[in-house]
Each structure stands twice: as C-alpha cells, then as structure tokens.
**Q** 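Please read through the structure below; I'll follow up with questions.
The figures that follow rest on heavy atoms only: side chains count, while hydrogens, waters and symmetry mates do not. Predicted, not measured: the structure shown is a model, and the values here were computed from it. One-based numbering, in listed order, for ligands and for the atoms of each.
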Amino acid sequence: MLRIDSHTHILPKKLPNWSTKFGYGDFIYLQHHKKGFAKMMRGNQFFREIRDNCWDAEIRIEEYRQFNTQVQVICTIPVMFSYWAKPHDCLDISKYLNDHIVKVLEKHPKNYIGLGTLPMQDTSLAVKELERCKKIGLKGIQIGSNINDENLNEARFFPVFEACERLGMAVLVHPWQMMGEKHMQRYWLPWLVGMPAETSRAICSMIFGGIFERLPKLRVNFAHAGGSFLSTIGRIQHGFNCRPDLVAIDNTIPPINYLGKFWVDSVTHDPMMLEYVVKLVGSKRVTLGSDYPFPLGDLEIGRFIEETTLTPRQKEDIFHHAALEWLAIQGEDLIA
Ligand SMILES: [Zn+2]
C-alpha cells in the first residue's frame, strides 16, 4: 500500500555563511566535523548534531523504504525560517532552501513532494515567493506556529493564506520559537510542553480569527496531531460557550465545527491517542507523519498504526488518502 510520510525535514548539505554575507545575525550554518555528521551552529552556539540522512536524498530513501514508505513530503527545519532577519535576506535564504528542495524533487520525482518556506515577516515578499514556489513545482508551504510572536490570525498574514487558497497551495503549520522557552530550559520542556502548546495556539488563532471561515478551501495540516488542541477541545469549546465575550469576538462559529476542516498528522506515539484523534477529525483528515529524521519523531514511520483498532479503510486513509487530498495530488503519479 502506498505510504506518504507527510512530515519530514531536509537541509542542503552546504549552507552559505549568511552571517558573513549579510553582516549581522546568528544564521544557521553547518560544520561537517566528521564523515556523515554535521553540527548545526547558530552563530557560535551549537544547536544540534545532524546526520547525513538530513541532507542525502538517497540515504533517506533507503531508510524509509525499510518502513514500507514510498514517498516523503520534505520541508526545511523550522530553525531555518529566519523570520527575525531583514525581509530581503530571509527571501534570499527561502529561495536557496526552496530551490534545493526542487533539485531533490527533480532527481527523485516519485519519492519526494516539496513544501517551501516564505519570508513571512514581509507579506508582499511572502506572496511573491509563494507564487514562485507554485511555479517551480512545490505543492505547498510550511510556516511557523507564530511569526515573531505574532499569531497567525493577524491581519497582515491574511493575504498569504488568501494566496495559498487562490493558488491551491497546501499549508503545514509547524511549532517553533516555543512560548515560555526561556523559562523552561531543563528537561527538554520546550519540545515536550512548548511545542504541543504552540500548535494549539496556531489552531485556536486560525479558528477564532476566522481564517478557516473566510477561506473555506484553504488546506492546512498541523504537525504532531495538532499538538494539545484536540486533547483540550472540550475545554476550548466550553470556553467558547461560557465566555463568548472573550472568545467569540471575531468569529461566532463554535470551534468544534472546525473538526474535520483541517488536517493533522499521526505523530502521537500512542495508538489510543491516534484512535481518539481519528474519532474527532475523521481518518480522511489524519496524514501519516514521522518528523523524520529527528529523534523525537516516529522513526518507525507509522508502525504503531498497525497496532490500533482502526479499520483497514481508516488506515488506508491515514497512509495516503488524507495526504493526497491535503496536497491535491494523485497517487498514480507517485507509484513507481
Ligand atoms: Zn517537524
């Protein structure tokens, strides 16, 4: 059965030294300190060590093939978003990363689908790069759960979402720049607590800000099964019911009505939670995801889905139908 992994990250093997080029800022660069490994450096600070499966398209195919997966949706690593940089510099970086992804697609058209990154700090540059992404063959874009701490419902981001709907470009919302990060440095809390909260922040902002209401054809997928949103939907709906004066100020449609309107991936690491997620949004709205190649991801790429009580048809939806619909593509184009 065709399996499309809707959530994976990739980098070019070589990154320009943008700090030197632009003359400011702690941009990410790679130190290839030993064979098959590189250190991601942010300025002089070590960020994380990555392996060749982060940049080598062939090694990746070998690895994910072992888990019966045929296709990966690839996008950059959120730390590369660079929304904090000067807009034209971020555009430069976005183009470099997007062009690299297109090269991977050209070499392996049946094994990869690409999502671009945009300079979201400048709406008109973002829309221009989005239009270019469409032309060069990317099927959508990945954006952060916040843009320099501004929520996704801010009016200045609306033209980007509007253009995504108009161009038929899919959106992946990925948590990053986690709220409260400064105050929870120990125990990997930004990743364990901050990330799920960030994704819920993004979904709530888009629902309450009326983005889905105004753009009914916009196709958005939220990473990590929507973070903490679905497990707290009861609370969110109750908040809407008991304090509409605080919650329903921009959109009077109940949040629960949006279940099934957007997609989430399967990265729960928990069969029971995945069954619950499917119950809430439907199997046609849950895409197989792994967060490959990072250790917090589901690096067995959905093996636990086999252990759930979901029906064969629901599993088929998760393994490919949901992603095909999110990306608006045909499965036949992907089968070798
Ligand atoms: Zn990810």
**Q** Quick check against the 3.5 Å criterion: does S205 have a side-chain atom that pairs as donor or acceptor with the backbone of L152?
**A** no
**Q** Can you tell me how far CH2 of W55 sits from CD1 of I50, rounded to the nearest 0.5 angstrom?
**A** 5.5 Å
**Q** Could you walk me through whether R313 and E316 pass the salt bridge (charged side-chain N to carboxylate O under 4.0 Å, His left out) check?
**A** CA-CA 5 Å; R313 179 164 292 188; E316 202 175 292; over 6 Å; no
**Q** May I ask you to decide whether E165 forms a salt bridge with R219, counting only side-chain N to carboxylate O separations under 4.0 Å?
**A** no
**Q** Under 2.8 Å from the Zn ion (ligand 1), which protein N, O or S atoms are there? Could you list them by chain and number?
**A** H7 NE2, H9 NE2, H174 NE2, D291 OD1
**Q** Picking from T308, V278, D265, T287, what satisfies side chain to side chain contact (heavy atoms under 4.5 Å, CB included) with I318?
**A** V278
**Q** Where the side chain of R42 meets the backbone of F47, is there a donor-acceptor pair that is under 3.5 Å apart?
**A** no
